[in-house]
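A single structure is presented below for examination.
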2 protein chains.
Amino acid sequence: MANIRPIQFPGEPLEKWLAQFMPHVSIDCVVFGFHGADLQLLLLKWKGADTWTLPGGFLGHRQSVDDAAHGVLQARTGLRRVHLRQFHAFGDLGRKEANGRRLFRKNLRDAPRRDLWLFQRVVSIGYYALVDIRKVRPTADAWTDSCAWYPAGSHPPLAYDHDRIVEGAWEALRAAIDVPGAGASLLPERFTMPELQCLHEAILGRRLDRRNFQKRMLERGGIERLQERRTGGAHRAPYLYRFTVPHAGLDF
Amino acid sequence: MANIRPIQFPGEPLEKWLAQFMPHVSIDCVVFGFHGADLQLLLLKWKGADTWTLPGGFLGHRQSVDDAAHGVLQARTGLRRVHLRQFHAFGDLGRKEANGRRLFRKNLRDAPRRDLWLFQRVVSIGYYALVDIRKVRPTADAWTDSCAWYPAGSHPPLAYDHDRIVEGAWEALRAAIDVPGAGASLLPERFTMPELQCLHEAILGRRLDRRNFQKRMLERGGIERLQERRTGGAHRAPYLYRFTVPHAGLDF
DNA sequence: CCAAAAGTGTTGAGTCTACACCCATGC
DNA sequence: GCATGGGTGTAGACTCAACACTTTTGG
């Protein structure tokens with residue numbers, strides 16, 4: 001992995017900040033975490049508005065798209081090596097760019113120029129990320145006053161076309177859950193089988209049979225049972241497992 | 001479908017032509033056709049160079065990414081309603097932009113400016129298209145002197161990262177072949193079961209069992225048997241079929 | 001001892017694959 | 001008739017979902 005450097009808004013003028021990026025292209029990241037029984041989404045709330053968006057960013061001139069996505073993740077979560085997967089590019093008209101100008105305006109001394117590419121149409125490349133929610137330190141940026149987790153099923157409506165992007169990410173995640181090691185990065189290093197099942201149920205949106213699930217996971221490989229059990233809970237102590245393929249599809 | 005207008009290079013200067021496009025974003029189309037027993041690829045050969053590339057184009061300022069892809073297809077094939085599917089955005093560094101400047105240079109009176117976005121890094125959105133090869137009129141553009149079909153297994157090496165784009169498209173096509181109506185747009189309106197099987201074998205890269213294939217296709221639905229048979233060939237005349245779902249996933 | 005959760009096994013339905021047989025057509 | 005390709009059926013392997021039983025733990 002090369003060249004991950006978080007880029008903060010360095011102050012006005014806006015033009016100067018924008019100059020370091022490749023114009024008209026952005027990254028949006030649907031960051032999935034897992035806690036309790038629900039999938040969670042990492043969302044940013046903009047200053048001075050009841051507006052939420054996905055964490056996003058732009059491409060440095062000498063930065064690959066994948067690196068830029070990792071940069072966004074590192075800036076908002078502090079994590080460097082996350083499971084990150086590109087799933088679709090969004091380039092429809094009517095992505096409500098004018099709305100964006102209003103959002104930025106509130107946090108600038110002077111009104112930004114109308115003809116900046118930031119306020120014209122931008123093609124956004126969608127990534128989804130799977131992270132261990134306990135390792136994340138949510139960090140807002142210069143434009144937003146909070147970065148926080150929301151239940152994926154009932155998050156506040158998002159600006160632009162970000163609700164559609166979430167839909168696409170979730171669909172891609174559902175399609176990708178069926179490979180060995182899937183979900184590795186959403187869980188802590190050591191986990192129990194019921195926890196893994198709970199994660200799969202959250203992603204798929206339906207209940208699974210406990211016994212068939214366990215069988216399938218073990219036959220498929222990619223996880224190994226440890227000697228220890230999780231003690232302390234009521235009832236029988238479940239075994240702990242860990243993934244032997246650390247991150248499915250994470251190749252660096 | 002809105003706003004499909006093929007945009008031709010209107011003559012120099014290059015800057016003027018480029019001004020109508022959203023900078024730094026391009027479309028590349030992997031156009032699959034089917035003839036005989038092989039998948040075919042539509043490729044462009046550049047003027048004054050032994051260089052082949054995929055058909056591509058840029059985004060008009062008021063044009064969605066999908067519309068731009070349809071525009072590319074219409075310009076190179078004459079077809080308006082084709083099965084077209086976005087599969088990945090390519091934005092690595094090292095896409096050999098300098099090479100591109102050399103290609104354009106040969107067909108311009110004056111050397112183009114070095115700082116045009118065309119010669120910097122461009123993020124390319126990859127689409128694959130499935131077309132009926134007999135309906136296509138391959139049409140070169142101002143930069144190329146031929147637009148022609150090549151066997152997908154043994155085409156000339158492509159410039160930039162276009163070989164990788166073809167790989168990705170083929171993989172996405174393999175993954176998508178398993179839905180009812182798949183391949184509808186690669187075949188003529190009426191086709192025989194062996195023809196459909198041949199297509200599937202070409203896409204998957206392996207032989208299939210004749211009997212099981214027929215059974216699966218008919219049980220799955222989406223095609224219907226006609227009264228007619230294909231006469232004229234040696235041996236028993238096969239039935240003709242047609243798709244009842246016209247184009248899988250083509251939604252306008 | 002009981003309730004609740006966790007581990008393991010079995011059975012039947014449905015699906016996929018390999019293969020055998022018959023039909024049509026040109027030579 | 002016979003070689004070749006096309007249409008249909010069947011038996012076995014395999015997969016997957018439904019379900020029963022046992023074990024462990026806290027109260």
Side-chain angles (χ1 to χ4, degrees), chain A residues 34 36-38 174-180 182-183 187-188 190-243, chain B residues 34-38 174-180 182-183 187-188 190-244:
Chain A
F34 184 63
D38 286 324
R174 271 195 297 273
I177 191 64
D178 228 1
V179 296
L187 292 168
R190 303 183 309 163
F191 56 91
T192 68
M193 197 55 81
E195 284 165 359
L196 180 62
Q197 179 180 345
C198 208
L199 168 61
H200 278 244
E201 288 176 345
I203 290 173
L204 295 173
R206 61 186 171 90
R207 302 303 307 271
L208 299 170
D209 183 276
R210 184 172 62 84
R211 300 152 282 198
N212 294 330
F213 180 80
Q214 171 139 333
K215 215 182 318 165
R216 219 176 317 137
M217 288 298 132
L218 294 177
E219 277 168 6
R220 178 164 85 177
I223 64 178
E224 85 183 332
R225 176 181 286 179
L226 304 174
Q227 292 310 318
E228 295 168 89
R229 287 157 170 263
R230 162 137 324 153
T231 56
H235 320 302
R236 178 171 182 172
Y239 287 104
L240 287 171
Y241 296 82
R242 76 161 171 229
F243 288 101
Chain B
F34 184 62
H35 186 68
D38 286 324
R174 273 195 296 272
I177 192 62
D178 228 0
V179 296
L187 292 169
R190 303 184 308 163
F191 55 92
T192 67
M193 197 54 80
E195 283 164 0
L196 180 62
Q197 180 181 344
C198 209
L199 168 62
H200 278 243
E201 288 175 345
I203 290 172
L204 295 174
R206 62 187 170 89
R207 301 304 307 271
L208 299 170
D209 184 277
R210 184 171 62 84
R211 299 151 283 196
N212 295 331
F213 180 80
Q214 170 138 332
K215 216 183 314 163
R216 217 177 316 139
M217 288 299 131
L218 293 177
E219 278 168 5
R220 179 165 83 177
I223 63 177
E224 87 183 332
R225 176 181 286 179
L226 304 174
Q227 294 308 319
E228 296 168 88
R229 290 158 170 261
R230 163 138 322 153
T231 55
H235 321 301
R236 179 171 181 172
Y239 288 106
L240 286 170
Y241 296 84
R242 76 162 170 229
F243 288 100
T244 51

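Just so it is clear, the values below take in all heavy atoms, side chains as well, and ignore hydrogens, waters and symmetry mates. Each chain gets a letter, A, B and so on, in the order the sequences are listed, and its residues count up from 1. Bear in mind that the values here come from a model prediction, so they are computed numbers and not experimental data.
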> Nearest-Å distance, CZ (R211(B)) to P (dG12(D))?
Replying inline: 17 Å
> Does the distance from a Lys or Arg side-chain N to an Asp or Glu carboxylate O, for E224(A) and R242(A), drop under 4.0 Å?
Replying inline: yes
> Taking atom types as they are modelled, is there a donor-acceptor pair under 3.5 Å from the base of dA24(C) to the side chain of R229(B)?
Replying inline: no
> Given atom CE of M193(B) and atom C1' of dG5(D), what is their separation to the nearest angstrom?
Replying inline: 15 Å
> Between the base of dT10(C) and the side chain of K215(A), is there a donor-acceptor distance below 3.5 Å?
Replying inline: yes
> Nearest-Å distance, CG (D209(A)) to P (dC16(D))?
Replying inline: 14 Å
> In whole angstroms, how far is the C1' atom of dT15(C) from the CZ atom of F213(B)?
Replying inline: 17 Å
> So what does R210(B) touch, heavy atoms closer than 4.0 Å: a base, only the sugar-phosphate, or nothing?
Replying inline: base
> For the pair made of CZ in R236(B) and C1' in dA24(C), what is the distance, rounded to whole Å?
Replying inline: 5 Å
> What's the CG-P distance between L208(B) and dC19(C), to the nearest Å?
Replying inline: 15 Å
>> Taking the minimum atom-to-atom distance to the side chain of H235(A), which one of dG7(C), dT25(D), dT25(C) wins?
In response: dT25(D)
>> Check the phosphate of dT8(C) against R225(A), side-chain N and O only, distance under 4.0 Å to OP1 or OP2. Yes or no?
In response: yes
> CG of N212(A) versus C1' of dG9(C): gap in Å, rounded?
Replying inline: 11 Å
>> Nearest whole Å is fine: how far is dT8(D) P from M217(B) CE?
In response: 15 Å
>> Can you confirm if the NZ or CZ of R225(B) lies within 45° of the ring axis of Y239(B) and under 6.0 Å from the centre of its six-membered ring?
In response: yes
> Choosing from dC19(C), dA17(D), dG7(C), which nucleotide comes nearest the side chain of R216(A)?
Replying inline: dA17(D)
>> Does dT8(D) have OP1 or OP2 under 4.0 Å away from a side-chain N or O of Q214(B)?
In response: yes
> Charged N to carboxylate O below 4.0 Å: is that the case for D178(B) and R220(B)?
Replying inline: yes
> Looking only at heavy atoms, which two atoms of A202(A) and F34(A) are closest? And how far apart?
Replying inline: CB-CE1, 4.0 Å
> Which nucleotide in the list dG7(D), dG26(D), dT25(D) gets nearest to the side chain of A234(A)?
Replying inline: dG26(D)
> So, the side chain of R190(B) versus the backbone of Y241(B): is there a donor-acceptor pair under 3.5 Å, distance only?
Replying inline: no
